[in-house]
K.L.:
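This is the structure, below, for whatever I ask next.
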Amino acid sequence: MSKGPALVAELEGLVGECAARLDQALTLEDLEAIRVEFLGRKGRLAGLMGQLPGLDADGRRDAGRAANTVKQSLTGLYDARLAALSRAASDAALAGFDPTVPGLAPFGGSLHPVTLVTAEICKAFSELGFTIVTGPEIETDYYNFEALNMPPEHPARDMQDTLYITDNVVLRTHTSPLQIRTMLAQKPPVAVVAPGKVYRRDSDLTHTPMFHQIEGLLVDAGVSMADLRGTLTAFVRRIFGPRTNVRFRPSFFPFTEPSAEVDISCVLCGGKGATEAGTCRVCKGTGFVEILGCGMVDPNVFDAVGYDTERYTGFAFGMGVERVTMLKYGIGDLRMFFENDVRFLSQF
Ligand code: DAH
């Protein structure tokens with residue numbers, strides 16, 4: 001058994017030995033092993049302290065003091081090394097990470113321009129008192145053609161390159177069947193707009209097999225062409241600005257009589273027909289661009305839905321949403337709408 005001074009020397013020797021071992025420790029596991037070896041309940045410090053009871057009183061006092069000091073030193077060394085290793089570990093995890101670099105904005109989706117313009121058009125009409133209705137994209141011949149004053153063999157059917165599912169069932173070629181569905185479901189007064197997809201067997205630079213239309217229908221006692229003109233003029237100025245001029249040109253549609261096409265003053269040249277670059281490429285020098293078809297509901301259509309043609313008159317209109325969107329935003333190529341290029345789509 002050691003005498004007092006010998007035990008003190010042994011105790012003090014632990015400090016240097018432990019410090020050297022801690023310097024070598026590279027991982028938290030190494031560190032824990034060293035802690036157990038020196039400071040653990042059955043460790044080397046505890047072992048030496050176990051010898052205290054065998055000493056005389058002076059020896060016990062000196063060695064006891066030394067043991068306390070050594071324990072503090074060992075604990076301090078261990079804590080310092082633990083802090084250093086922890087810091088090194090987090091530095092390593094963050095190596096190459098510069099916390100001052102600005103973050104990347106998360107990618108946020110945006111609404112498709114056709115969706116946006118559809119919503120804008122519907123809002124303009126709903127503020128004028130119209131309600132919004134929708135209907136099926138797969139239609140029967142009756143709703144798509146016959147009730148709209150296009151009986152079988154009617155030449156106007158050729159104007160619409162129809163996609164047939166069966167002889168009697170088609171992909172709707174326009175939103176006009178919503179006129180029929182609405183009038184069969186409710187009595188006048190009626191004021192509705194109907195947005196939706198329509199389909200035609202047509203595909204080139206300026207036509208796609210699917211596109212979007214918005215139909216409008218207003219029926220009541222005493223509705224005149226002046227109401228049509230006033231309503232559509234108000235609408236056009238809401239969408240294209242208060243200085244837009246509107247021109248009604250006689251036209252033909254089977255379901256309206258009389259019928260008209262509506263032109264607006266050119267969105268690019270403002271109606272002058274020319275820009276600094278020469279003849280205006282949007283209106284081809286005419287100063288106007290066509291935006292929709294319209295007319296007074298043909299009495300044959302009222303007959304088909306059982307409306308009293310002596311009491312009621314009405315107007316209808318239909319427009320292509322892609323076309324309105326192209327004019328509104330100056331988009332020159334219809335294909336942009338269908339390519340799903342987010343650099344294009346996120347600009348609206
Ligand atoms: N349905 C026609 C088309 O697809 C557009 C149209 C013209 C609708 C005149 C109407 C209208 O309601 O009155 O070409």
Side-chain angles (χ1 to χ4, degrees), residues 118 121-122 125 128 130-137 139 141-150 154-163 170-184 190-202 206-220 223-233 235-236 246-264 289-302 304-305 307 312-324 334:
T118 300
I121 293 171
C122 287
F125 280 108
L128 291 172
F130 288 73
T131 42
I132 293 152
V133 296
T134 55
E137 292 169 25
E139 270 295 8
D141 184 276
Y142 179 78
Y143 289 102
N144 196 80
F145 293 122
E146 190 152 357
L148 287 163
N149 199 27
M150 282 182 274
H154 192 289
R157 289 188 176 210
D158 298 343
M159 285 164 39
Q160 315 209 339
D161 303 285
T162 309
L163 288 157
V170 302
L171 292 180
R172 69 180 176 196
T173 57
H174 51 182
T175 44
S176 302
L178 265 307
Q179 292 187 31
I180 305 304
R181 290 183 173 277
T182 301
M183 289 189 283
L184 287 175
V190 161
V192 294
V193 284
K197 293 181 166 68
V198 300
Y199 300 85
R200 291 187 194 175
R201 212 184 66 231
D202 210 351
T206 54
H207 298 88
T208 48
M210 186 283 294
F211 60 102
H212 298 77
Q213 284 190 338
I214 294 182
E215 192 79 11
L217 173 71
L218 184 140
V219 183
D220 202 351
V223 175
S224 73
M225 194 94 186
D227 298 309
L228 169 61
R229 215 187 142 91
T231 303
L232 291 182
T233 302
F235 156 70
V236 157
V246 181
R247 174 171 89 175
F248 284 65
R249 229 176 344 96
S251 184
F252 172 81
F253 300 100
F255 30 89
T256 44
E257 183 59 36
S259 302
E261 278 172 323
V262 174
D263 298 339
I264 61 170
V289 288
E290 183 202 322
I291 74 151
L292 55 81
C294 63
M296 301 305 292
V297 179
D298 193 296
N300 287 345
V301 175
F302 282 156
V305 298
Y307 274 17
Y312 296 113
T313 49
F315 64 75
F317 55 89
M319 69 189 97
V321 183
E322 279 82 357
R323 182 167 174 77
V324 172
L334 178 66

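Quick note: numbers below take in every heavy atom, side chains included, and nothing from hydrogens, waters or symmetry partners. For ligands, and for the atoms within them, numbers begin at 1 and follow the listed sequence. For reference, positions follow the sequence shown, starting with 1.
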K.L.:
How far is atom 12 (O) of ligand 1 from the closest protein heavy atom, and which atom is that?
P.N.:
E215 OE2, 2.6 Å

K.L.:
Please check whether Q213 reaches ligand 1 - meaning an N/O of the residue sits under 3.5 Å from an N/O of the ligand, judged on distance alone.
P.N.:
yes

K.L.:
Could you check whether any side-chain N or O of T134 sits under 3.5 Å from a backbone N or O of A194, counting only pairs where one atom can act as donor and the other as acceptor?
P.N.:
no

K.L.:
Can you pull out the closest protein heavy atom to atom 11 (C) of ligand 1? Residue, atom name and distance to 0.1 Å, please.
P.N.:
F255 CE1, 3.5 Å

K.L.:
Taking the six-membered ring of Y143, is the NZ or CZ of R172 close enough (under 6.0 Å from the centre) and on axis enough (within 45°)?
P.N.:
no

K.L.:
Is the distance between the ring centroids of F235 and F130 under 6.0 Å?
P.N.:
no

K.L.:
So which of H174, R200, E261 gets nearest to atom 1 (N) of ligand 1, if we judge by its closest heavy atom?
P.N.:
H174

K.L.:
Under 6.0 Å between ring centres, would you say that holds for F255 and H174?
P.N.:
yes

K.L.:
Residue-level breakdown please: for S176 versus ligand 1, do any non-hydrogen atoms fall below 4.0 Å on the side chain, on the backbone, on both, or on neither?
P.N.:
side chain

K.L.:
Below 3.5 Å, N or O to N or O, backbone or side chain included: is there any such pair between A316 and ligand 1?
P.N.:
yes

K.L.:
Are side-chain heavy atoms of Y199 and V170 found at a separation under 4.5 Å?
P.N.:
no

K.L.:
Kindly give the heavy-atom pair with the smallest separation between G314 and F302, and that separation in Å.
P.N.:
N-CZ, 3.9 Å

K.L.:
Is ligand 1 less than 4.0 angstrom away from at least one heavy atom of F315?
P.N.:
no

K.L.:
Is M319 touching ligand 1 with its side chain, its backbone, both, or neither, if touching means heavy atoms under 4.0 Å apart?
P.N.:
neither

K.L.:
Would the distance check show the side chain of T313 and the main-chain N or O of V223 forming a donor-acceptor pair, the cut-off being under 3.5 Å?
P.N.:
yes

K.L.:
Ligand 1 and F317, any nitrogen or oxygen pair closer than 3.5 angstrom?
P.N.:
yes

